[in-house]
Amino acid sequence: MTAADPTVADVVIVGAGPNGLMLACELSLAGVRPVVLERLPARSDRPKANGIVGQVVGLLHQRGLAAAPVPVPAFVFGAMPLDLARLDDNPLRALHVRQPELEELFERRAAELGVEIRRGHELTGFEQDADGVTLSVTGPEGPYELRTCYLVGCDGAHSLVRKRAGIGFPGVSAPDVVSRTAHVTVPGAVVRRGTAEMEVPGHGTFVLYTWHRTERGAYAMLPTGPGVLSVTAMEWSGETSGDGEAPGDDVPMTIGELRASLARVLGADLPLAPPAGEGPHLLRRLNGRETRVADRYRAGRVFVAGDAAHVHSAMGAPGLNLGLQDAANLAWKLAAALQGWAPEGLLDTYDAERRPAAERVAVHSSAQLALAAPGPDVTALRTLFAELLDDDANRRRVAALMAGSDLPYPAPGSAHPLAGRFLADLPAEPASRARPLLLDRTGELRVRHERVETVTMPSCPAEAVLVRPDGYVAWAGTPDETLTQALETWFGKGVEVAA
């Protein structure tokens with residue numbers, strides 16, 4: 001990008017949500033200065049996600065954006081408890097952070113890195129050719145054109161970038177599912193300190209922080225502040241309102257509507273009231289569920305990531321793990337292409353690696369939604385599934401599924417068990433700079449590469465490990481000609497072997 005020319009950029013990212021900001025930060029660490037276009041004039045403080053679950057928690061720690069992750073002792077799958085405390089190799093990590101706070105964190109880091117974020121600038125169209133993409137943008141001072149080498153759509157489920165690029169979005173709809181969520185207070189309720197329980201006079205004890213399923217639907221309660229809960233009630237089919245029909249999207253949701261829905265799910269009328277203060281307070285109804293994965297993540301010089309590439313049920317909280325890893329995967333590959341050293345086919349590995357990950361999430365999030373549905377058939381299925389989850393091997397497999405660690409990337413030329421998998425334990429300083437690393441257990445490795453930093457690491461899990469900037473292992477094992485091939489496959493020419 002020519003800094004003095006506001007009409008030229010190396011990479012333009014559409015959307016300044018977590019995925020777009022993560023991508024911008026990763027590109028900047030790789031030596032590329034992106035431009036981020038965001039149609040909203042200011043960062044949204046609207047409540048959305050409440051945490052991150054999966055391998056990306058380790059990546060955020062590597063970048064210095066989160067504390068060292070620890071395994072979670074328990075989780076939930078399809079509104080069924082998942083006891084992980086007795087697994088000695090539990091892969092599931094979680095980070096409790098609200099999405100507005102996460103976006104603020106990423107925006108601060110982007111500012112430190114010199115990323116240009118143009119708020120109030122909306123993409124209205126684009127045309128691509130063999131050399132780049134010309135964007136039509138409307139900003140506060142009127143329309144203008146912006147030229148870029150690559151365009152990335154992080155602009156959500158209704159992505160204009162995806163649609164204009166001709167990228168399909170196949171999948172399925174579940175129109176019979178309606179969920180309602182709001183920030184509320186429960187008069188008289190007492191949250192027990194040191195436990196995850198809430199006592200409501202006249203109604204009993206409620207377990208917090210997890211999904212619960214009844215024969216009429218599902219619900220969850222999550223404390224979000226002093227005396228404030230995020231309450232969700234989910235219903236299926238015609239059980240969605242007093243007259244059997246859910247209100248349309250044009251009808252604002254109310255706490256009274258949520259209370260009525262929760263009463264149907266619980267079989268008891270729990271008192272709910274608005275929180276004190278100005279908020280913002282969440283008040284949302286979702287009619288139906290979409291499960292869709294883009295049929296390709298690249299169309300020439302145009303890419304999609306995050307919700308622009310995949311949408312799915314939120315059960316299990318897989319969305320940010322999926323989208324933020326899209327960003328980390330794509331960033332260093334775009335930088336390689338812009339800097340002229342990308343090996344042939346490197347950009348195509350973005351689709352080859354990330355689309356299967358999204359398809360995997362689509363499967364397990366849909367399965368979880370099905371397990372939470374009402375009905376005697378589902379009850380029977382849950383009984384059988386509970387028996388399966390009582391086996392440690394099955395718990396470990398489900399935990400890996402939730403973490404996203406059960407599907408390694410292709411790692412041609414390396415048969416080591418680490419190959420293609422995320423490696424959380426990396427030296428802090430080079431990992432924070434998103435550097436490709438060659439870890440050397442002995443300190444005697446003779447192979448070098450001009451774009452790869454060699455680090456002596458006595459605790460290395462193999463004699464040598466080649467780690468990509470996104471934390472995934474490209475190669476591991478005993479140094480031989482396959483290491484040289486892996487270095488050139490991922491990082492181009494530049495291998496040297498000391499005499």
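A quick note: this is a predicted structure, and the numbers were derived from the prediction, not measured. In this chain, residues are counted from 1 in sequence order. Values below: all heavy atoms of this structure, side chains included; hydrogens, waters and symmetry mates excluded.
Inter-residue side-chain proximity for Gln485 and Trp475 is flagged as unmet; no heavy-atom pair is nearer than 4.5 Å. Using a 4.5 Å cut-off on side-chain heavy atoms (C-beta onward), Leu324 and Ile52 make contact. Looking at heavy atoms from C-beta onward, Leu320 lies in side-chain contact with Pro18 at the 4.5 angstrom threshold. In this structure, Leu439 and Val467 have side chains that are in contact, with non-hydrogen atoms separated by less than 4.5 Å. Looking only at side-chain heavy atoms (C-beta outward), Phe77 and Met402 come within less than 4.5 Å of each other. Two residues are said to be in side-chain contact when any heavy atoms from C-beta on lie closer than 4.5 Å; Leu113 and Leu29 meet this criterion. Between Leu95 and Leu102, every side-chain heavy-atom pair lies at or beyond the 4.5 Å cut-off. Counting only heavy atoms from C-beta outward, the side chains of Ile167 and Phe303 never approach each other to under 4.5 Å.
Looking only at distances, a side-chain donor or acceptor of Ser365 sits under 3.5 Å from a matching main-chain atom of Val361. Using modelled atom types, no side-chain atom of Asn19 and backbone atom of Ala305 make a donor-acceptor pair closer than 3.5 Å. Of the possible polar contacts, one joining the Thr148 side chain to the Ala9 backbone as a donor-acceptor pair under 3.5 Å is found. With hydrogens and angles disregarded, a donor-acceptor distance shorter than 3.5 Å links the side chain of Arg421 to the backbone of Ser405. Remark: the backbone N or O of Ala30 is paired with a side-chain donor or acceptor of Gln339 at under 3.5 angstrom. For Ser414 (side chain) and Ala411 (main-chain N/O), no donor-acceptor pair under 3.5 Å exists by modelled atom type. No side-chain donor-acceptor contact under 3.5 Å links Ser366 to the backbone of Val363. Using a distance-only test at 3.5 Å, with no hydrogens or angles considered, a donor-acceptor pair links the side chain of His61 to the main chain of Ala66. A side-chain donor-acceptor contact under 3.5 Å links Asp351 to the backbone of Tyr297. Under the 3.5 Å distance criterion, the side-chain polar atoms of Gln128 are matched with a main-chain donor or acceptor of Arg301.
Within the structure, side-chain hydrogen bond (donor to acceptor under 3.5 Å, both in side chains) contacts touching residues 152-162 (residues at least two apart or in different chains) are Asp155-Ser159.
Note: Asp470 CG to Arg354 CZ = 8.5 Å, rounded to the nearest 0.5 Å. In this structure, the separation between CZ on Arg180 and CG on Leu258 is 8.0 Å, given to the nearest 0.5 Å. The structure places OH of Tyr472 at 4.0 Å from OH of Tyr409, a figure rounded to the nearest 0.5 Å. Once rounded to the nearest 0.5 Å, the distance linking CH2 of Trp211 with OH of Tyr219 reads 11.0 Å. Taking CZ of Arg109 as the reference point, atom SG of Cys25 lies at 7.0 Å (rounded to 0.5 Å). Between the NE2 atom of His312 and the CG atom of Leu369 there is a distance of 12.5 Å, given to the nearest 0.5 Å.
Between His449 and Phe491, the ring planes are perpendicular. Angles over 60° get that label, and only those under 30° would be called parallel. Using a 30° and 60° split on the angle between ring planes, His183 and His281 fall in the perpendicular class, above 60°.
Minimum interatomic distance between Leu222 and Tyr209 (heavy atoms only, all atoms of both residues): CD1-CD2, 3.2 Å. Residues Val8 and Leu146 come closest through the heavy atom pair N-CD1, 3.9 Å. The heavy-atom pair separating Asn287 from Pro247 by the smallest distance is ND2-O, 3.0 Å. Scanning all heavy atoms of the two residues, the minimum distance from Leu401 to Arg360 falls at CD1-NE, 3.4 Å. For the pair Asp326 and Gly306, the tightest heavy-atom approach, listed with the atom from each and the gap, is OD2-N, 3.1 Å. Nearest heavy-atom pair across Arg289 and Ser179 is NH2-OG, 3.2 Å.
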Query raised in the report: Stepwise, does the salt bridge (Lys or Arg N to Asp or Glu O under 4.0 Å) test hold for Arg397 with Asp406?
Result: CA-CA 8 Å; Arg397 183 168 183 173; Asp406 67 322; over 6 Å; no

Report task. Using the side chain to side chain contact (heavy atoms under 4.5 Å, CB included) rule, take Met80 and Gln368 through it: C-alpha gap first, then chi angles, then the decisive distance, then the call. Result -> CA-CA 9 Å; Met80 301 186 70; Gln368 291 190 70; over 6 Å; no

Requested in this report: Take Thr138 and Glu122 through the test side-chain hydrogen bond (donor to acceptor under 3.5 Å, both in side chains) and record every step on the way to the result.
Outcome: CA-CA 5 Å; Thr138 298; Glu122 183 174 5; over 6 Å; no

Report task. Would you sort out whether Val56 and Leu59 count as a side chain to side chain contact (heavy atoms under 4.5 Å, CB included), showing the intermediate values? Result -> CA-CA 5 Å; Val56 79; Leu59 179 63; 4.2 Å; yes

Requested in this report: Please step through side chain to side chain contact (heavy atoms under 4.5 Å, CB included) for the pair Thr124 and Val137, ending with a clear verdict.
Outcome: CA-CA 6 Å; Thr124 57; Val137 183; 6.0 Å; no

**Report entry** Residues Arg108, Glu112; criterion salt bridge (Lys or Arg N to Asp or Glu O under 4.0 Å); working and verdict
**Finding:** CA-CA 6 Å; Arg108 286 201 307 269; Glu112 293 170 0; 5.7 Å; no

Query - Criterion side chain to side chain contact (heavy atoms under 4.5 Å, CB included) on Arg298 and Asp348, from CA distance to verdict - result: CA-CA 8 Å; Arg298 178 188 185 186; Asp348 290 330; 2.8 Å; yes

Query - Evaluation steps, salt bridge (Lys or Arg N to Asp or Glu O under 4.0 Å), between Glu488 and Lys493 - result: CA-CA 5 Å; Glu488 293 188 346; Lys493 301 295 182 181; 3.6 Å; yes

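Using a 4.0 Å cut-off between charged nitrogen and carboxylate oxygen, Glu38 and Arg118 do not count as a salt-bridge pair. Comment: Asp129 engages Arg147 in a salt bridge, judged by a side-chain N to carboxylate O separation of less than 4.0 angstrom. The existence of a salt bridge linking Glu453 and Arg435 is confirmed by a sub-4.0 Å separation between a basic side-chain nitrogen and an acidic carboxylate oxygen. Ionic pairing of Glu353 and Lys333 is present here: one or more N-O contacts between side-chain nitrogen and carboxylate oxygen are shorter than 4.0 angstrom. With respect to Glu359 and Arg355, a salt bridge is recorded, a charged nitrogen being found less than 4.0 Å from a carboxylate O.
Side chains of Thr134 and Glu127: no donor on one and acceptor on the other come within 3.5 Å. Looking at Thr181 and Thr232, their side chains do bring a donor and an acceptor atom within 3.5 Å of each other. For the 3.5 Å distance criterion, the side chains of Thr224 and Arg98 fail to qualify, holding no donor opposite an acceptor. The closest side-chain donor-acceptor pair between Arg259 and Thr254, if any, does not fall under 3.5 angstrom. Counted by atom type alone, Ser28 and Arg33 present one or more donor-acceptor pairs between their side chains at under 3.5 Å.
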